[in-house]
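Here's the structure, in C-alpha cells; my notes come after.
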Amino acid sequence: MTDKSREQLEFARFLAQIGHEIRTPLNAIKGFGDLLVEEQVGELNDVQKKYLLKMTDSAQKLLLVVNQILDWAKLESNQIILDSQPLDLCRIAVEVGNLLELRMREKQITYQVMEVDWATINGDWGRLREVLVNLISNSIKFTEPGGTIIVSFSRKDGYLLTHVADDGCGISEEKLMQLFQPFSKGQDRSGEEKNTGLGLWICRSIIELHQGHIWAESKQGKGTVLSFALPACPAEDTQKGAAQ
C-alpha cells in the first residue's frame with residue numbers, strides 16, 4: 001500500500017468515527033423534536049409547531065448528509081459487508097414509493113412501478129433499498145410538478161435490469177459523464193437545496209459490490225433514465241424466495 005493510499009484509508013476511518021459521534025446526538029435531537037411536534041408531551045401553538053417542524057426537518061437533512069459521509073467512508077475503507085438474500089426488487093420499489101409519497105404528492109408527481117413476478121436477485125436489502133431511494137429521490141428533484149416517474153424491469157444476458165425513468169428537465173452530456181463520480185452533481189436548479197454530490201457515487205459503489213453496473217441516459221428537456229443491472233437470481237432461488 002502506498003503512503004497516499006494509507007493516508008486515504010486513515011482519513012476514511014477518521015470520518016467514519018466522527019460521523020458516528022455526530023449521528024448519535026442528531027438522532028436524539030430529531031427524536032425528541034418529533035415527540036414535541038406530535039404533541040405527546042403537551043399542546044403547541046401554531047408558531048411553536050412551525051418552528052419545531054423546521055428544526056426537525058433540518059435535523060433530518062443533516063442526518064442524511066452524515067449518513068452519506070459515513071457510507072462514503074465505509075466504502076473507501078472497505079468496511080461494508082453485504083447481507084445477501086433473495087430479494088424482490090418490485091416490492092422494494094413499491095416500498096420506496098410509499099416512503100417518498102409525501103414529496104411526490106407535494107409536486108403532484110405520478111409514480112408507477114411496472115410490477116413483474118421475476119424481479120428477483122440475491123442482494124443486501126438495506127443497501128439496495130438505499131440505491132432506489134437515491135435514484136427515485138434524484139428523479140423527484142428534477143421532475144417538474146405534474147410529471148411522471150416510472151420504475152420498470154427487464155432481463156438481458158443473465159442480468160436483471162432496473163430502470164427509473166422520469167420526464168423531467170434532463171441532464172447535459174457533460175454532467176452525464178460525471179454523474180456517478182464522488183462529489184459530482186447534476187444540473188443546478190434554482191430553489192433546490194444543495195446536496196453532497198455523494199448519493200449517486202454511493203449507488204454506483206453499492207451496485208458494483210453486488211457485481212453489477214449502473215448507468216444513465218438523458219436528453220435535456222426530455223427526461224432521464226437511471227438504470228442498474230444485477231446478476232439475476234437462479235430459478236431455484238427465486239422459487240425459495242417466493243415461498244418465504
Side-chain angles (χ1 to χ4, degrees), residues 16 19-20 23 26-27 30 60-75 79-105 109 111-143 149-155 159-166 179-180 182 195-216 224-233 237-238 240-242 244:
H20 281 295
R23 188 166 60 176
L26 263 179
N27 276 319
K30 186 178 184 307
Q60 178 61 44
K61 288 171 182 172
L62 184 54
L63 192 58
L64 175 63
V65 171
V66 171
N67 284 335
Q68 287 187 334
I69 292 172
L70 272 173
D71 279 341
W72 176 80
K74 288 177 181 177
L75 287 161
Q79 293 182 35
I80 287 184
I81 299 174
L82 299 179
D83 178 18
S84 291
Q85 56 185 303
L87 300 174
D88 182 348
L89 286 180
C90 270
R91 183 179 298 178
I92 297 176
V94 171
E95 290 174 0
V96 171
N98 291 335
L99 177 69
L100 300 174
E101 181 181 4
L102 182 59
R103 287 181 57 192
M104 288 188 280
R105 192 187 306 163
I109 291 173
Y111 178 75
Q112 185 177 4
V113 178
M114 308 299 288
E115 297 190 51
V116 295
D117 59 5
W118 39 260
T120 307
I121 53 91
N122 280 314
D124 185 304
W125 177 85
R127 293 298 173 184
L128 291 176
R129 180 178 180 273
E130 181 180 0
V131 168
L132 280 169
V133 167
N134 270 303
L135 298 186
I136 295 166
S137 294
N138 193 80
S139 290
I140 293 171
K141 181 176 181 179
F142 295 106
T143 299
I149 297 172
I150 298 175
V151 181
S152 61
F153 305 89
S154 60
R155 291 182 287 196
Y159 282 84
L160 174 69
L161 282 60
T162 303
H163 313 279
V164 179
D166 65 61
L179 201 58
F180 295 101
N195 56 52
T196 61
L198 285 172
L200 292 180
W201 177 82
I202 289 170
C203 289
R204 190 195 79 184
S205 300
I206 290 171
I207 294 301
E208 289 177 352
L209 278 175
H210 284 81
Q211 309 304 312
H213 54 280
I214 189 168
W215 68 97
T224 301
V225 182
L226 298 167
S227 304
F228 60 89
L230 296 170
C233 226
D237 287 346
T238 302
K240 287 178 185 175
Q244 290 178 354

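What you see below is based on every heavy atom in this structure, not just the backbone, and it leaves out hydrogens, waters and symmetry mates.
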Does some side-chain heavy atom of [Y] sit less than 4.5 Å from a side-chain heavy atom of [X]?
X     : Y      : value
Leu87 : Asp124 : no
Ile92 : Trp125 : yes
Leu99 : Glu95  : no

Exercise for the section: Count the heavy atoms of every other residue, nucleotide or ligand shown that sit under 6.0 Å from CZ of Arg103, and state whether that count exceeds 12. Expected result: yes

Enter the distance from [X]:[atom1] to [Y]:[atom2] here, rounded to the nearest 0.5 Å.
X      : Y      : atom1 : atom2 : result
Ile202 : Phe180 : CD1   : CZ    : 13.0 Å
Leu100 : Ile149 : CG    : CD1   : 8.5 Å
Tyr111 : Asn98  : OH    : CG    : 8.5 Å
Lys30  : Asn27  : NZ    : CG    : 8.5 Å
Glu115 : Phe153 : CD    : CZ    : 8.0 Å
Ile150 : Ser139 : CD1   : OG    : 11.0 Å

Problem - Main-chain N/O of Glu130 paired to Asn134 side chain as donor or acceptor, under 3.5 Å - result: yes

Problem - Intermediate values then yes/no, side-chain contact (heavy atoms from CB on, under 4.5 Å), Thr120 and Leu160 - result: CA-CA 8 Å; Thr120 307; Leu160 174 69; over 6 Å; no

Taking all non-hydrogen atoms of both residues, which atom of [X] and which atom of [Y] are closest, and how far apart?
X      : Y      : result
Leu132 : Leu89  : CD1-O, 4.4 Å
Leu135 : Cys203 : CD2-SG, 4.1 Å
Leu179 : Ala216 : CD2-CB, 3.8 Å
Leu128 : Gly123 : CD1-CA, 4.0 Å
Cys90  : Val113 : O-CG1, 4.2 Å
Pro86  : Asn122 : N-OD1, 3.4 Å

